[in-house]
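Take a look at the structure below.
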Amino acid sequence: MTINPSRYHQLLPEVVQMLDAPDFFTRTKSIATRFSYAEAVLELAERNSRIVVLDADVSKSINTNKFADKYPDREFNFGIAEQNMMAAAAGMATTGLIPFASTYAVFASLRALDQVRNSIHYPHLNVKIAASHSGITPGPDGVTHQAQEDLSIMRSLATSTVIATADAPSTKLATYAAADWDGPVYLSFTRDPVPVLFDINYPFQIGKMVLLRDGNDATIIANRDIVAHALVAAEKLAQEGFDIRVIDCHTLKPLDVETILQAARETGAIVTAENNIIFGGLGSAVAETLVENYPIPMQRIGVQDTFAESGPYLQVIDKYGLTSPHIVRAVKRVIERKKSGR
Amino acid sequence: MLNDPRELCARANSIRRRNLIMLNHAGLGHTGGDLSATDILATLYFSILNIDPQVPDKADRDRFILSKGHCSGVLYTTLAEAGFIPLAELDTFMQPLSRLNGHPNRNKVPGVETNTGALGHGLPVAIGTALAAKFDDATWRTFVLTGDGELQEGSNWEAAMAAAHYKLDDLVLIIDRNRLQQGDATERTMHLEPLADKWRAFGWSVREVDGHDHAVLLGTFRSVPFELGKPSCVIAHTYKGQGVSFIRDRAEWHHRVPSKDELTIALEELGDNGHDPAL
Ligand SMILES: Cc1ncc(C[n+]2csc(CCOP(=O)(O)OP(=O)(O)O)c2C)c(N)n1
Ligand SMILES: [Mg+2]
């Protein structure tokens with residue numbers, strides 16, 4: 001069976017054509033989204049003189065050193081001191097500056113969490129937290145650098161806005177949108193290159209999910225780097241005769257409840273897929289929504305109750321059950337449950 | 001702006017009286033730390049800070065950040081005394097749904113700059129405001145008051161480095177050196193001394209002063225920055241519970257508040273003639 005491109009939306013045509021290729025992940029053009037953030041914030045700086053970038057000695061790894069080169073007076077390196085950086089970002093925001101505080105996701109969401117909660121979110125200050133190495137993407141770096149719970153932690157903070165974009169173009173759009181958003185925003189990026197999926201001109205809105213594939217047998221709701229794997233899984237399932245809806249939930253919070261419920265009503269079965277611990281992230285958010293509004297069979301793909309091993313990115317996420325074959329199995333199971341009413 | 005230290009004494013005395021009445025009324029609060037910081041706040045609010053209670057958020061105001069947020073009591077009474085909030089509102093301190101919470105909130109109370117209460121946040125936030133002032137070529141200054149026990153939080157020392165690195169001479173740290181923390185003396189809990197040397201070693205210009213002497217406080221705050229290109233650190237030697245004999249210098253008064261009888265004695269001791277018994 002050939003791919004039916006009319007089922008797909010917002011994606012680059014060449015990406016859709018490749019979805020059934022066994023070497024999809026090596027053939028597609030791939031970019032680490034941390035670099036897209038760095039590009040976007042550099043572009044933003046030109047338009048808005050209130051934007052400043054804060055670093056904690058990892059600017060070379062995020063590419064915000066390019067911002068520092070171009071705007072030496074607008075970049076502040078705090079050294080290896082994430083707590084101080086986050087609190088200082090709060091102080092700057094009280095004066096009307098728009099600080100983008102960049103570091104690794106483990107440090108943004110854990111080391112500096114007290115500052116992020118009490119000095120940024122509680123007073124609702126306009127700080128953008130730019131967190132690279134989110135999820136178990138930094139395979140070779142090991143557990144200390146694998147932020148497998150950052151999205152859950154950030155989602156649990158009152159009034160937080162939490163974003164996990166799938167690819168380079170969506171990351172740039174999210175960064176632009178964050179600059180216009182009133183209040184704190186947590187942006188999470190991948191360390192590793194992930195396929196470029198989107199046409200940069202697609203409509204991006206914080207809090208609005210994006211329909212990527214039509215389908216009525218079940219829905220996969222995915223975020224960040226697992227969106228690509230969800231698309232590959234859906235196409236595999238299409239070859240087997242299943243018609244699967246795919247939705248990119250780039251904004252974990254505020255959650256697009258309407259789109260979830262519509263998918264629940266129209267497809268009757270949902271699989272969530274995320275590169276994050278299964279506690280408190282996308283799967284939890286969708287489950288909470290369904291259970292209170294429209295209970296239907298649901299399965300969750302995510303990191304189970306374990307710390308991950310080190311290794312190459314794709315190999316590691318496969319080992320922890322986040323890749324397309326695992327998603328395919330989960331979708332089949334959820335459809336089985338839908339049919340049998342369990 | 002008051003220029004006469006005796007007038008500042010009278011103000012401080014009035015703040016102490018209101019504070020104790022408020023604490024007794026609420027049945028909650030931090031008496032010891034409120035009283036140790038009162039003379040510092042009185043001096044800042046009535047003689048030093050460029051602020052306007054009519055326009056509490058004016059852009060070029062000096063920033064005062066109370067890092068020891070548990071001492072919101074002295075902040076609220078000072079803000080009320082200075083006209084930022086009604087004096088009568090002090091009766092609502094820590095009452096259900098009052099905006100005068102146990103720890104201050106900048107979005108609820110005019111004149112409050114930061115939401116403190118988690119110790120170790122004020123100085124790092126002040127780094128941000130001081131950097132922002134420099135960024136905007138503004139002349140307003142940031143004053144931040146920390147406890148001394150609070151300095152055991154590592155975040156302060158990250159900020160200490162940053163302040164010197166960025167040459168934040170528009171930043172003034174005041175340490176309420178009352179030698180007590182929640183449970184015991186600082187030096188028995190976790191050694192802070194030699195404290196002045198530590199700040200000097202981190203690149204600050206340090207002065208040690210009597211934190212209850214208004215003339216000295218006035219002179220000190222008027223001479224900031226002590227050195228161009230360096231952040232200023234004032235180690236204010238104080239007593240927890242200053243002004244009331246049976247509260248002064250006692251760890252157990254950290255989180256205890258006066259009973260009706262104790263309040264009566266305390267107000268008698270303070271007197272209402274505008275003279276600070278500390279002098
Ligand atoms: C991070 C943090 N840890 C613990 C506390 C609980 N606490 C509140 S006040 C206090 C003692 C503070 O002592 P010090 O800084 O010396 O203040 P002061 O003596 O002026 O009251 C403690 C431990 C807190 N508020 N924040
Ligand atoms: Mg103390």
Side-chain angles (χ1 to χ4, degrees), chain A residues 45 48-57 71-101 103 107 110-129 157-159 182-184, chain B residues 56-65 67 69 101 103-109 112-138 140-142 144 146 153-166 168 170-171 202:
Chain A
N48 188 341
S49 62
R50 304 307 287 168
I51 288 177
V52 293
V53 166
L54 279 54
D55 282 302
D57 201 36
Y71 299 103
D73 300 337
R74 292 168 66 177
E75 191 262 1
F76 301 87
N77 189 349
F78 285 83
I80 311 158
E82 295 79 12
Q83 300 178 59
N84 190 38
M85 176 178 73
M86 290 302 177
M92 287 178 165
T94 64
T95 75
L97 290 178
I98 307 174
F100 278 74
T103 180
F107 309 133
L110 288 158
R111 172 65 63 97
L113 178 59
D114 189 27
Q115 282 74 14
V116 165
R117 177 187 188 271
N118 290 312
S119 280
I120 295 176
H121 283 80
Y122 174 33
H124 196 69
L125 292 171
N126 199 19
V127 175
K128 315 305 167 185
I129 301 168
L157 296 187
T159 73
D182 176 31
Chain B
D57 56 353
K58 70 169 182 165
D60 68 343
R61 69 192 182 279
D62 286 329
R63 268 61 169 184
F64 172 72
I65 293 173
S67 189
N101 302 155
H103 299 86
N105 182 326
R106 73 189 306 270
N107 292 327
K108 288 186 182 171
V109 186
V112 169
E113 297 287 355
T114 48
N115 298 18
T116 46
L119 293 168
H121 282 226
L123 183 57
V125 170
I127 300 295
T129 57
L131 277 171
K134 273 220 181 318
F135 182 80
D136 283 337
D137 285 325
W140 54 265
R141 304 158 301 168
T142 300
V144 53
T146 67
E153 288 286 357
S155 52
N156 290 303
W157 301 97
E158 295 183 2
M161 270 185 268
H165 179 86
Y166 284 109
L168 298 180
D170 51 357
L171 173 66
F202 274 77

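Reminder, nothing fancy here: chain letters follow the sequence lines and each chain counts from 1. Here the structure is a predicted model, which is why all the values come from computation and not from measurement.
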Interchain contact, [X] with chain A, by part (heavy-atom threshold 4.5 Å):
| X | answer |
| --- | --- |
| B:Asp136 | side chain |
| B:Asn107 | side chain |
| B:Ala159 | both |

So what's closer than 4.5 Å to chain B heavy atoms on [X]: side chain, backbone, both or neither?
| X | value |
| --- | --- |
| A:Arg50 | side chain |
| A:Arg117 | neither |
| A:Leu125 | side chain |

- Pick whichever of A:Asp114, A:Asn118, A:Val52 has the most heavy-atom pairs under 4.5 Å with chain B. A:Asp114
- Query: Top residue by heavy-atom pair count (under 4.5 Å) with chain B, among A:Ala90, A:Ser119, A:Gly96?
  - Reply: A:Ser119
- Query: Just wondering, are more than 12 heavy atoms of other shown residues or ligands nearer than 6.0 Å to CZ in B:Arg61?
  - Reply: yes
- Query: With distance as the sole test, does B:Ser67 use its side chain to make a donor-acceptor pair with the main-chain N or O of B:Gly122 at under 3.5 Å?
  - Reply: yes
- Item | Under 3.5 Å donor-acceptor, B:Ser155 side chain and B:Gly120 backbone | yes
- Determine, step by step, whether A:Met86 and A:Ile120 satisfy the side-chain contact (heavy atoms from CB on, under 4.5 Å) criterion, reporting the C-alpha distance in whole Å, the side-chain angles of both residues, the deciding distance to 0.1 Å, and the verdict. CA-CA 8 Å; A:Met86 290 302 177; A:Ile120 295 176; 4.1 Å; yes
- Roughly how far, to the nearest 0.5 Å, is the OG1 atom of A:Thr95 from the CG atom of B:Asp60? 12.5 Å
- Most contact-rich option vs chain A, by heavy-atom pairs under 4.5 angstrom, among B:Ala132, B:Ala133, B:Ala138, B:Ala130, is B:Ala132
- Item | Modelled atom types, side-chain donor and acceptor of A:Tyr122 and B:Asn105, under 3.5 Å | yes
- Hey, mind stepping through A:Phe78 and B:His165 against side-chain contact (heavy atoms from CB on, under 4.5 Å) and telling me if it holds? CA-CA 9 Å; A:Phe78 285 83; B:His165 179 86; over 6 Å; no
